[in-house]
Amino acid sequence: MAVVINTNVDSLKIQSLLTNSTSKMSQAMQRMSSGLKILNAKDDAAGTVISAKMQVQLNGNKIAQTNVQNANALLSTAEGNLDVIQDNMTRIRDLTLQAKNGTYSSDEIQAMQDEVSQRMKEIDRINQSAEYSSLKLFGGTELADGATFQVGADYGESNTISTDTTLFEAVNFSAMTGVTSTNFNLTGFDKAAKTKFTSAPTGIDNINDCKNDYDVAIKALDAAISKITDKKSEIGSVGNRMDSALSTLTTQYENLSSAKSIITDADVAAEASNFTQQQILQQVSTSLLAQANQAPSIALSLI
């Protein structure tokens with residue numbers, strides 16, 4: 001090889017290698033400190049696009065999980081109110097059945113009527129006051145057509161669960177039985193001058209099947225209790241679907257997170273090994289560069 005001064009080829013080559021090892025060492029340090037394998041798009045263009053789409057899905061999945069939990073809370077709140085209404089309806093039925101027996105005086109029946117009146121008022125109060133957040137649960141306009149819950153990260157019917165349109169209808173005493181509080185008067189039942197039922201209440205197929213007004217009242221209450229249990233059954237069915245949806249979302253989130261990790265997360269052990277390798281190469285290149293820079297000085301010995 002010729003002895004030259006102006007162009008030190010060995011030095012240039014070693015400088016290139018030094019720059020390369022320094023760059024790779026810096027990249028390894030960044031990956032270890034951030035925990036990410038893709039620091040910018042140039043590291044993996046395809047991986048950047050795929051991981052970005054996966055992140056959108058992951059975010060949507062978490063929102064869907066929250067949606068399911070909120071929906072379950074709404075359904076549980078509605079069921080809790082229906083439980084209390086059912087208890088009151090059942091007690092009213094018990095009192096009506098008790099009052100039908102001919103062993104009670106007018107005062108005793110009036111005492112039963114007083115309790116019935118209070119329980120009817122409580123049913124109507126629950127109907128008016130039952131809310132989830134600011135959403136009226138029974139008889140409100142927002143839930144007049146039932147509720148549709150978003151339980152997926154994407155759009156479309158396959159990502160929603162809907163309730164029956166009748167689930168959130170009014171549950172006041174009159175709506176459930178077809179009997180007004182004025183008509184439902186134990187002290188006036190079965191007396192020719194004070195007959196209260198002039199037509200069949202809601203849920204009574206044939207009023208002629210009932211021998212007297214007490215029978216009509218009991219049958220109306222049975223129909224009301226049946227409506228309540230139907231609503232609770234619907235809540236239970238939807239709740240089971242919600243639990244299934246939440247389980248699916250959780251599994252999807254785990255699998256998608258694992259897939260995204262393969263693309264974006266740095267292997268710290270591998271990066272540490274690479275860092276050590278590049279660090280050694282950097283030290284060697286630095287030492288050799290110093291020697292290569294001194295090589296042209298051999299020309300002085302020829303002068």
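Worth saying up front: this structure is predicted, and the values here are computed from it rather than measured.
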Under 3.5 Å side-chain donor-acceptor pair for [X] and [Y]:
X      : Y      : answer
Gln30  : Ser26  : yes
Thr264 : Ser51  : no
Gln15  : Ser11  : yes
Gln57  : Asn61  : no
Asp94  : Gln98  : no
Gln118 : Asp114 : no
Asp145 : Thr165 : no

Distance in Å, Phe138 CZ paired with Asn81 CG, rounded so as to fall on 0.5 Å steps: 5.5 Å
Gap between atom OG1 of Thr276 and atom CD of Glu271 - 0.5 Å precision: 11.0 Å
Does Asn127 offer a backbone N or O that forms a donor-acceptor pair with the side chain of Lys136 under 3.5 Å? yes
Please give me the minimum heavy-atom distance between Val68 and Met242, naming the atom from each residue. CG1-O, 3.4 Å
Could you list the residues that satisfy salt bridge (charged side-chain N to carboxylate O under 4.0 Å, His left out) with Glu234, not counting sequence neighbours? none
